[in-house]
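Reading through the structure tokens given below for one structure.
In what follows, chains carry the letters A, B, and so on, assigned in the order in which the sequence lines appear, proteins first and then strands, with residues in each chain numbered from 1.
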2 protein chains.
Amino acid sequence: MKTRERIVEVAIRLFNAEGINAVGVREIARTLGISPGNLSYHFPRKEDLLVEMLTRVTAGNDRHFQKFREGRPSCESFLQVMEQVFRNQYRYRGIFLAQEEMRRIFREFYDYRAVEKRRKDFLREFFSDLVVAGELKAEAGELAFLGAFTGFLGRFWILEAFFTQDDRSEDEAVRHYLGMLAWQLHLLATEAGKKGLEKYLLYLQA
Amino acid sequence: MKTRERIVEVAIRLFNAEGINAVGVREIARTLGISPGNLSYHFPRKEDLLVEMLTRVTAGNDRHFQKFREGRPSCESFLQVMEQVFRNQYRYRGIFLAQEEMRRIFREFYDYRAVEKRRKDFLREFFSDLVVAGELKAEAGELAFLGAFTGFLGRFWILEAFFTQDDRSEDEAVRHYLGMLAWQLHLLATEAGKKGLEKYLLYLQA
DNA sequence: GTCTATACGCGGATAGAC
DNA sequence: GTCTATCCGCGTATAGAC
């Protein structure tokens, strides 16, 4: 495997395990058995590593969302795509825990506004489709709230998952937050929509 | 004013303005006109400063919640207490943006579980009271979801506020997230409960 | 293009003098 | 309580080998 790829792989692993600030570039290089200078050659600054990961997680999510526009919209299928998104985010969980760094990177290197706008448009469109498909019954204000909630949850669920208890497995965490999403949709779903949500409602743990 | 108090004050200001990682202990000392060693005397590690701020914001929130148990429970009064809590958090916003550090501190120095349990119990009890008072109409699962949502929003609203746009004023940000809370309650409120929420529904911005 | 060796300046932390 | 001096590890930059 290319050195560059190996670096990204080890960096993700270490960042996820110990936190971005706790892991130095020297430690990454040592783990790989290369020199710090070599790491600097591939990624001049530590930030460049974070940008790389950010690009990957965003690209993955885009794929999941995109793929989804093809099928028939339903509450259940929405939760299915969100599960894929959550698992993709979990893979890069280290960067979601270091919000201060991410904020700086978003402002300096990465066009976060564009990503956010894309998500927002997708959610709005998708929830409107759910109303048309007879899965949701909601008016404009409620739909706006639903979009805000979904964006909020999707952005911060990992943080809460690791804050409250870090002995929880990926499956347990993902299910818990899919459960929250399901309860939210349930409050605005038609009888048809509720059918597809029942399974997910059970995921929300006390 | 005591040196210790002056340190905390300046540190909050700098942390809020530039971020916890961007501000070094030397900068804090320089701003105060004292030596780095003196700062170390009052707060041996930078973490101790963060613990101090965490203690203050938690104590403030406790006071707001406590004071609230006395009055008659209503949806509107709940939003009033949450506004005070939000403003208290905003005062210490710097620490909410540095989640990785906070997580470490919670695990090593600060009994976060206890704080969290207190909040959770309060919310559960309070929402049950709202049902009894005829302000909410919800069953157990919905109440559990409402509690989870409120905890989630209360923990991370500041992060989203500063992520999406940092040109927003304190008032605008606080109102936006009170608006989200109001929409959530609205979905489970009785006619009586909805009355007290109308004003807040308008706060949610597109 | 890929890599090693090395140096610089800054950060948090600590020991010990006043 | 307050200070100076000092230590070590960090992110970063670069000269030069292959």
Side-chain angles (χ1 to χ4, degrees), chain A residues 1-54 94-95 97-110, chain B residues 1-54 94-95 97-110:
Chain A
M1 202 192 305
K2 290 279 191 211
T3 303
R4 191 186 155 90
E5 203 58 30
R6 288 176 59 221
I7 292 173
V8 174
E9 215 166 70
V10 165
I12 294 175
R13 212 184 63 218
L14 294 179
F15 286 163
N16 286 350
E18 305 170 45
I20 285 172
N21 289 301
V23 176
V25 290
R26 285 173 172 80
E27 182 179 347
I28 298 173
R30 204 182 322 120
T31 307
L32 282 159
I34 65 174
S35 71
N38 191 6
L39 204 158
S40 276
Y41 166 72
H42 291 285
F43 296 95
R45 288 156 309 182
K46 193 178 176 182
E47 298 163 342
D48 297 316
L49 262 170
L50 302 181
V51 171
E52 176 67 28
M53 293 176 194
L54 213 51
I95 62 175
L97 300 177
Q99 295 286 328
E100 199 182 294
E101 282 71 29
M102 283 304 113
R103 187 173 163 233
R104 225 193 56 246
I105 286 172
F106 279 143
R107 298 175 64 173
E108 291 178 23
F109 304 101
Y110 201 86
Chain B
M1 203 190 308
K2 290 277 192 216
T3 303
R4 193 184 153 89
E5 202 59 30
R6 288 176 58 221
I7 292 173
V8 174
E9 214 166 71
V10 165
I12 294 175
R13 210 184 67 217
L14 294 178
F15 285 163
N16 286 350
E18 303 170 46
I20 284 172
N21 289 301
V23 177
V25 289
R26 284 175 172 80
E27 183 179 347
I28 299 173
R30 204 181 325 120
T31 307
L32 282 159
I34 66 175
S35 72
N38 190 7
L39 201 159
S40 280
Y41 166 74
H42 290 285
F43 295 96
R45 288 157 307 184
K46 193 178 176 182
E47 298 163 342
D48 297 315
L49 262 170
L50 302 181
V51 171
E52 176 68 28
M53 292 177 193
L54 214 50
I95 64 174
L97 300 177
Q99 295 286 327
E100 200 181 293
E101 282 71 29
M102 285 302 113
R103 187 174 164 233
R104 228 193 52 248
I105 285 172
F106 279 143
R107 297 175 63 174
E108 292 178 23
F109 304 101
Y110 201 86

Using whole Å, what does the distance between atom [atom2] of nucleotide [N] and atom [atom1] of [X] come to?
X: A/Phe43; N: C/dG1; atom1: CZ; atom2: C1'; result: 16 Å
X: A/Arg26; N: D/dC10; atom1: CZ; atom2: P; result: 6 Å
X: A/Arg6; N: C/dC3; atom1: CZ; atom2: P; result: 9 Å
X: A/Glu101; N: D/dG11; atom1: CD; atom2: P; result: 11 Å
X: A/Leu49; N: D/dG11; atom1: CG; atom2: P; result: 11 Å
X: A/Asn38; N: D/dT12; atom1: CG; atom2: P; result: 16 Å
X: B/Leu14; N: C/dG11; atom1: CG; atom2: P; result: 13 Å
X: A/Glu47; N: D/dG11; atom1: CD; atom2: P; result: 11 Å

Determine: side-chain N/O of [X] to OP1/OP2 of [N], distance under 4.0 Å, yes or no.
X: A/Thr3; N: C/dT2; value: no
X: A/His42; N: C/dG1; value: no
X: B/Tyr41; N: D/dT2; value: no

Among [options], the nucleotide that comes nearest once only the side chain of [X] is considered:
X: B/Val25; options: D/dG11, D/dT2, C/dG12; value: C/dG12
X: B/Arg45; options: C/dG1, D/dT2, C/dA13; value: C/dA13
X: B/Ser40; options: C/dT14, D/dG11, C/dC3; value: C/dT14

Between [X] and [Y], is any pair of side-chain heavy atoms under 4.5 Å apart?
X: B/Ile28; Y: B/Lys46; result: no
X: A/Glu9; Y: A/Arg6; result: no
X: A/Phe106; Y: A/Leu54; result: yes
X: B/Ile34; Y: B/Ile7; result: yes

TODO: Take A/Lys46 and B/Gly33, find for each the nucleotide of DNA chain D with the closest heavy atom, and name the residue whose nucleotide sits nearer the 5' end.
DONE: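 That would be B/Gly33.
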
- [ ] Pick base, sugar-phosphate or nothing for B/Gly24, based on heavy-atom distances below 4.0 Å to the nucleic acid.
- [x]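 B/Gly24: backbone/sugar contact only, no base atoms under 4.0 Å.
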
TODO: Enter the distance from B/Ile95:CD1 to B/Leu49:CG here, rounded to the nearest 0.5 Å.
DONE: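 The CG atom of B/Leu49 is 11.0 Å from CD1 of B/Ile95, to the nearest 0.5 Å.
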
